Amino acid sequence: MDLDANRSLIVTALARIPGGDRAALQTVYRLTSAKLFGVALRILGERSEAEDVLQEVYVTVWRKAADFDTGRASPMTWLIAIARNRAIDRLRATRQSRHMDRMDIASDVADSAPLADKALESAQDHARLHGCLDGLEPRERAALRGAFFDGNTYEDLAARMKVPLGTMKSWIRRAMIKLKSCLEQ
Amino acid sequence: MNDTPDHSGVPDDDLLAAEFVLGVLAGTERAAAQRLFERDRNFAALVAQWEQRLAPWAGEIAEVAPPPAIWDRIAAALPAERPRSAGWWHSLAFWRGLSLATGALAAACIGALIYLGNAPQQAPLVAAIEGGGHRAFVATIDRKHGTIAVLPASYTADATRDPELWLIPADGKPRPLGMLRADRAVSITIPPELVAQTVGNATLAVSLEPPGGSPTGQPTGPVIATGKLTSL
């Protein structure tokens with residue numbers, strides 16, 4: 001779907017939710033649930049848990065739609081953040097650590113994965129983030145990916161990459177500082 | 001948090017926001033960041049910036065259609081629909097919807113309603129009373145009649161405490177104005193001795209107090225939202 005049309009449909013529907021408009025929530029659901037389900041499934045790895053989280057996400061959207069600030073975030077960024085947060089909370093609540101197996105793949109691959117959803121962000125933003133990620137050391141990039149996509153904690157990442165916890169914290173913090181500075185250029 | 005003292009000049013809050021968004025925190029650290037996100041609008045803004053920075057990454061995650069039954073579960077989990085007989089003026093939904101518009105637009109709408117209704121000599125004063133990234137209440141002052149109307153926007157009722165409205169004039173000392181409601185607009189008569197101080201740039205604040213209001217005449221609970229009065 002056309003990016004701007006889709007975005008404005010979501011924004012318009014979000015604005016109707018605080019008035020108690022259930023059809024508006026259903027519109028938001030129709031336009032965004034496949035993406036948010038994908039996000040939850042990626043982090044949790046199990047359909048039934050991702051389904052529970054998806055339900056929590058839209059009930060949260062129903063309650064918090066008035067908080068959405070069009071001046072500050074794109075609607076998809078806001079919704080995906082809610083979905084990631086809920087999925088990570090669920091992950092933390094249900095198990096100690098998992099998704100360890102995916103780190104091997106991530107650690108060797110430069111960050112040039114194809115854009116699965118072109119409608120989400122402009123290709124330019126995507127290229128910029130990836131340009132900055134490619135400027136990080138491979139181990140830093142692997143750690144960031146392992147956290148963002150698979151919900152790994154500092155402890156998970158330290159264990160998986162066989163470094164002390166303090167080292168992992170330093171890597172991630174240094175990488176995030178570098179990333180911010182690169183994106184601001 | 002103490003093992004990397006040199007953050008190259010990046011504030012700790014910004015790093016915490018980065019860690020929170022990335023998702024590497026667990027246990028009490030994550031819970032603390034979540035609380036800060038909900039209560040501190042500056043921290044919430046840092047979080048939003050990190051979400052924006054990492055947003056293109058989410059584009060890589062493939063869409064997966066959820067089973068159709070999920071929507072029915074969501075619809076069943078929503079609160080029961082409110083009766084719609086109360087009239088639009090008293091309808092919380094109406095005011096919440098209105099407050100969702102930009103602050104200026106909402107203020108202009110309310111101001112216009114008051115202006116048309118009362119034809120005041122002076123321009124009305126308005127304030128968006130905000131805290132923790134939320135617009136909690138919207139206030140409009142009718143200077144001709146010496147009243148202040150306060151509408152709940154995204155304020156959620158506290159289980160044990162009630163919201164109390166304060167005027168903080170130029171001297172910085174809070175003066176109690178009255179109790180607010182989470183479920184409807186209230187109109188408060190401004191005490192005569194405070195009318196002269198209810199002017200542009202004075203601050204309105206809302207604190208959480210025991211039922212009936214602060215026993216001391218000064219805020220005793222947390223100030224959850226503030227806003228400056230401005231002329232339309």
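Lettering of chains follows the sequences in order, A, B, ..., and the numbering in each one begins at 1. Just so it is clear, the model here is predicted, and its values are computed rather than measured.
Note that CD of Glu38(B) is 10.0 Å distant from CG of Asp67(A), once rounded to the nearest 0.5 Å. Atom CG of Leu54(B) and atom CG of Leu133(A) lie 8.0 Å apart (nearest 0.5 Å).
With contacts defined as side-chain heavy-atom distances shorter than 4.5 Å, the pair Ile61(B)/Leu41(A) does not qualify. By the 4.5 Å heavy-atom criterion applied to side chains, Val64(B) and Arg47(A) are counted as neighbours.
Closest approach of Lys35(A) to Gly59(B), counting heavy atoms only: NZ-O, 3.6 Å. The shortest heavy-atom contact between Ser154(B) and Ala66(A) is CB-CB, 4.4 Å. For the residue pair Thr77(A) and Glu51(B), the shortest heavy atom distance occurs at CG2-O, 3.7 Å.
In this structure a side-chain-to-backbone donor-acceptor pair under 3.5 Å is missing from Arg173(A) to Leu16(B). Using modelled atom types, no side-chain atom of Lys180(A) and backbone atom of Trp50(B) make a donor-acceptor pair closer than 3.5 Å. Between the side chain of Arg92(A) and the main chain of Leu25(B), a donor-acceptor pair closer than 3.5 Å is present.
For Ile17(A), no part lies under 4.5 angstrom from a heavy atom of chain B. The parts of Leu25(A) that come within reach of chain B are both its backbone and its side chain, each placing non-hydrogen atoms under 4.5 angstrom from that chain. Within the 4.5 angstrom heavy-atom criterion, only side-chain atoms of Ala48(B), from C-beta onward, approach chain A. At a 4.5 Å heavy-atom cutoff, the contact between Ala45(B) and chain A is made by backbone and side-chain atoms alike. Contact of Leu183(A) with chain B is made through the side chain alone, with heavy-atom distances under 4.5 Å. Residue contact with chain B, scored on non-hydrogen atoms closer than 4.5 Å, is absent for Asp69(A). The contact between Gln34(B) and chain A is made entirely by side chain atoms (from C-beta outward), counting heavy-atom distances below 4.5 Å.
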**Prompt:** Between Asp14(B) and Met176(A), is a side-chain contact (heavy atoms from CB on, under 4.5 Å) present by the stated rule, with each step listed?
**Reply:** CA-CA 10 Å; Asp14(B) 200 18; Met176(A) 293 300 267; over 6 Å; no
**Request:** Would you please test Ile88(A) and Phe20(B) for side-chain contact (heavy atoms from CB on, under 4.5 Å) and show each step?
**Result:** CA-CA 10 Å; Ile88(A) 288 170; Phe20(B) 179 61; over 6 Å; no
**Request:** Please test Glu19(B) against Tyr154(A) for side-chain contact (heavy atoms from CB on, under 4.5 Å), starting from the C-alpha separation and ending with a verdict.
**Result:** CA-CA 9 Å; Glu19(B) 294 172 320; Tyr154(A) 273 137; 2.4 Å; yes
**side-chain contact (heavy atoms from CB on, under 4.5 Å) between Asp89(A) and Arg30(B), intermediate numbers included** = CA-CA 9 Å; Asp89(A) 283 342; Arg30(B) 179 168 170 81; 2.8 Å; yes
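When each of Gln55(A), Arg22(A), Glu56(A), Gln26(A) is tested with Ile74(B) by the rule side-chain contact (heavy atoms from CB on, under 4.5 Å), just one qualifies, namely Gln55(A). Checked options His126(A), His130(A), Arg128(A); the residue passing with Pro56(B) is His126(A) (criterion: side-chain contact (heavy atoms from CB on, under 4.5 Å)).
When ring centroids are compared, Trp57(B) and Phe149(A) come within the 6.0 Å threshold.
If you tally non-hydrogen atom pairs under 4.5 Å between each of Ile70(B), Val47(B), Val21(B) and chain A, the highest count goes to Ile70(B). Ranked by heavy-atom pairs under 4.5 Å with chain B, the first of Tyr58(A), Tyr29(A), Trp62(A) is Tyr29(A). Listed options Leu179(A), Val39(A), Leu144(A) were ranked by heavy-atom pairs under 4.5 angstrom with chain B; first place goes to Leu144(A).
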